[in-house]
2 protein chains.
Amino acid sequence: MSILNTYSHSDRFLVAVDCIVFGFTNKEIRLLTFKRAIEPEKGKPSLIGGFVQSDESVEDAAKRVLNKLTGIENLYMEQVATYGAIHRDPAARVISVTYFALINLEDYDEELLTRYDAKWIPLSECQDLIFDHKQMVDDAMALLRRKASAFAIGFNLLPEKFTLTQLQSLYEALYCEALDKRNFRKKVLSLEILNRLDEKDKRHSRKGAYFYMLSDDYQAKLKKETYSFSK
Amino acid sequence: MSILNTYSHSDRFLVAVDCIVFGFTNKEIRLLTFKRAIEPEKGKPSLIGGFVQSDESVEDAAKRVLNKLTGIENLYMEQVATYGAIHRDPAARVISVTYFALINLEDYDEELLTRYDAKWIPLSECQDLIFDHKQMVDDAMALLRRKASAFAIGFNLLPEKFTLTQLQSLYEALYCEALDKRNFRKKVLSLEILNRLDEKDKRHSRKGAYFYMLSDDYQAKLKKETYSFSK
DNA sequence: TCAAAAGTGTTCATTGTACACCCATGT
DNA sequence: ACATGGGTGTACAATGAACACTTTTGA
């Protein structure tokens, strides 16, 4: 007796990818959503997604969807989980694989927002999302927090040049708690993955804050898996 | 212009579940495999798996497969990842969702091994697995390590009553490194989730080692997410 | 000159890590 | 009596957390 059914007699399914695209601005983490264009739940806010096609891998499907909606080629992307409840989409049986992506909002092309009826919403407004999309966001956020406490992936949410204050604000937004400025700076600087530039950011103070960049060799250090910005 | 294709025009896929079943015995972590019963790769070692059916969720499919091969109703199970490369199964396009499960080998019904041509193999023999199953095992093992360092899930691999030496051996097998006996015991006992029984295990020494059990209220503490057995 | 954000060190508590000997008992 | 695995404590290092004031400068 075989564990596997034979291929030919087995059921086939629509497989979707849904992308949880996080951005960071104004001390707040935002989520890219769009107004769903088809029934059911037409017009309601939804994650961006699409169906996997026969001629592409699941990951390529996610890249296709992300590229279409952000115009960005190589954004940070990672698989989160797969959702397979029978009636999660009331219109049809759809199994959905989610990916999260991190984006620097300054790079984002505003024109795309109007073209796709898309919108950056704060995480607090996720309740309105259709189907199980809120659960998907929660799971992605949990993964993002875990990853960000162990790896330096948070930088994907910031511009290339950023201040330590910005970086701290990002981690405060990720963990929803205030961090001590001195401890935070001590810690990130001790990692020795940042280069201080001579240039200052004078947009937010008269004194100005030094810009920093990820150092050229931070990639090698990334593999050590030892970064932790968590309290 | 819509991001989503319409449901009806989209491609459909075979969706499989593959289960990475870990057991622990003799200071070694083992993996439950079986001899694949159908072509391609018939006779080669494979993870246990099966195709998702229309009338069940993906998770229920995994439970069905696990129950069939272990006879156990409620074993510890967790989704790992989804594998969606186009030619990962050379015979057909199959998207596979993996789950890992933890099992106490003492509970395992040997009869099932012969019935399904199944076999417990050490992790070192995973190279022989078909398709991308070795990658699946590697990913599951990474998740197991991460989880075990943060949560008390490792106990699912041990009998109800176990000695601290057994527990230490398990963690040494998980992390592939020797742990200091004094430090290990200090740490696990400080968690206050173990009850020492009056009974001793005399199978391995003349002196005998006390048996321990998870304390009744460990479940509540589990939620604190603060356990760490890692070095 | 003052408002507003940037920047900076020390102390203490907790946790992690290294390390070596005695105990109990069946044969 | 001895071999075998079980069991215990201490000292040092590293990390985490709490905490308040000075600097800069444009308006």
Side-chain angles (χ1 to χ4, degrees), chain A residues 26-27 145 148-150 158 161-213 221 224-231, chain B residues 26-27 145 148-150 152 158-159 161-213 221 224-231:
Chain A
N26 246 359
K27 309 196 170 190
R145 286 200 180 106
S149 73
L158 292 174
K161 297 188 287 188
F162 51 86
T163 66
L164 293 185
T165 305
Q166 276 181 289
L167 185 61
Q168 181 172 348
S169 296
L170 169 58
Y171 276 88
E172 288 177 335
L174 275 174
Y175 294 104
C176 299
E177 65 179 350
L179 300 173
D180 181 87
K181 192 167 32 154
R182 282 164 292 189
N183 291 341
F184 181 81
R185 293 163 104 94
K186 204 189 319 170
K187 188 158 190 173
V188 300
L189 293 177
S190 75
L191 298 176
E192 298 185 329
I193 59 172
L194 297 185
N195 284 342
R196 196 178 82 173
L197 309 182
D198 288 330
E199 199 181 346
K200 279 189 163 187
D201 177 5
K202 297 218 163 191
R203 286 171 299 175
H204 305 294
S205 74
R206 311 197 191 289
K207 182 178 178 180
Y210 281 108
F211 278 118
Y212 285 77
M213 286 182 66
K221 299 193 177 191
K224 286 191 191 167
E225 312 195 7
T226 52
Y227 301 128
S228 175
F229 295 102
S230 63
K231 172 179 101 154
Chain B
N26 244 2
K27 309 196 170 191
R145 287 203 180 102
S149 72
L158 292 174
K161 297 188 287 189
F162 51 86
T163 66
L164 294 185
T165 305
Q166 275 181 291
L167 185 61
Q168 181 171 350
S169 295
L170 169 58
Y171 276 86
E172 287 177 335
L174 275 175
Y175 295 104
C176 300
E177 65 180 349
L179 300 173
D180 181 88
K181 194 172 24 161
R182 281 164 294 189
N183 293 340
F184 180 81
R185 293 164 103 94
K186 203 190 317 171
K187 187 158 191 173
V188 300
L189 292 176
S190 75
L191 298 176
E192 299 184 329
I193 59 172
L194 297 185
N195 284 342
R196 196 178 80 174
L197 309 182
D198 288 330
E199 198 181 347
K200 279 189 163 187
D201 176 4
K202 297 215 164 191
R203 287 172 299 175
H204 305 295
S205 75
R206 311 196 190 288
K207 182 176 178 178
Y210 281 108
F211 278 118
Y212 286 77
M213 285 183 67
K221 300 194 176 190
K224 286 191 191 168
E225 313 195 7
T226 51
Y227 301 130
S228 174
F229 294 104
S230 64
K231 176 180 99 152

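So you know, we letter chains A, B, ... as the sequences are listed, proteins then strands, and number each from 1.
The ring pair (Phe, Tyr, Trp, His ring centres under 6.0 Å) search around A/F162 returns A/F155, not counting sequence neighbours. Take A/Q168 and apply the side chain to side chain donor-acceptor pair (under 3.5 Å) test, not counting sequence neighbours, and it matches A/E172. Applying the side chain to side chain contact (heavy atoms under 4.5 Å, CB included) rule to A/R196 yields the partners A/Y210, A/Y212; only residues at least two apart in sequence or on another chain are considered.
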Under-3.5 Å N/O pairs linking protein and nucleotides 24-27 of chain D:
residue, atom, partner, partner atom, Å
D/dG26, OP1, A/K202, NZ, 3.4
D/dG26, N2, A/R206, NE, 3.3
D/dG26, N3, A/R206, NE, 3.2

Pairs: protein N or O with nucleotides 9-14 of chain C N or O, under 3.5 Å:
residue, atom, partner, partner atom, Å
C/dT10, O4, A/K186, NZ, 3.1

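For the pair A/S205 and C/dA6, the criterion of a side-chain N or O lying under 4.0 Å from OP1 or OP2 is not met.
Straight-line distance from the CZ atom of A/F184 to the C1' atom of D/dA18: 17 Å, rounded to whole Å. Nucleotide D/dG16 holds its C1' atom 7 Å from the NZ atom of A/K187, rounded to whole Å. Atom CD in B/Q168 sits roughly 14 Å away from atom P in C/dT17 (whole-Å rounding). B/D201 places its CG atom 13 Å from the P atom of D/dG5, with the value rounded to the nearest Å. Put simply, CG on A/L167 is 12 Å from P on C/dG7, counting in whole angstrom units. Atom OH in A/Y171 sits roughly 14 Å away from atom P in D/dG16 (whole-Å rounding).
B/R182 has its side chain out of reach of B/K186: every pair of non-hydrogen atoms, C-beta onward, lies at least 4.5 Å apart. You'll find the side chain of B/D180 stays beyond 4.5 Å of the side chain of B/R185, heavy atoms only.
At a cut-off of 3.5 angstrom, the base of C/dG7 holds at least one donor-acceptor pair with the side chain of A/K181.
The shortest non-hydrogen separation linking B/L164 to B/F184 is O-CE2, 4.0 Å. What you find for B/Y175 and B/A148 is that their closest heavy atoms are OH-C, 3.7 Å.
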For residues 199-206 of chain B, which side-chain N or O atoms pair as donor and acceptor with protein atoms under 3.5 Å away, sequence neighbours left out?
residue, atom, partner, partner atom, Å
B/E199, OE1, B/K161, NZ, 2.8
B/E199, OE2, B/K161, NZ, 3.0
B/K200, NZ, B/K207, O, 3.4
B/D201, OD1, B/R203, N, 3.0
B/D201, OD1, B/R203, NE, 3.0
B/D201, OD2, B/R203, NH2, 3.1
B/S205, OG, B/G208, N, 2.9

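A/T165 comes within 4.0 angstrom of sugar-phosphate atoms only, judged by non-hydrogen atoms across all strands, and of no base.
Distances from the side chain of A/R185 to the nucleotides D/dG7, C/dT8, D/dG6 place C/dT8 closest.
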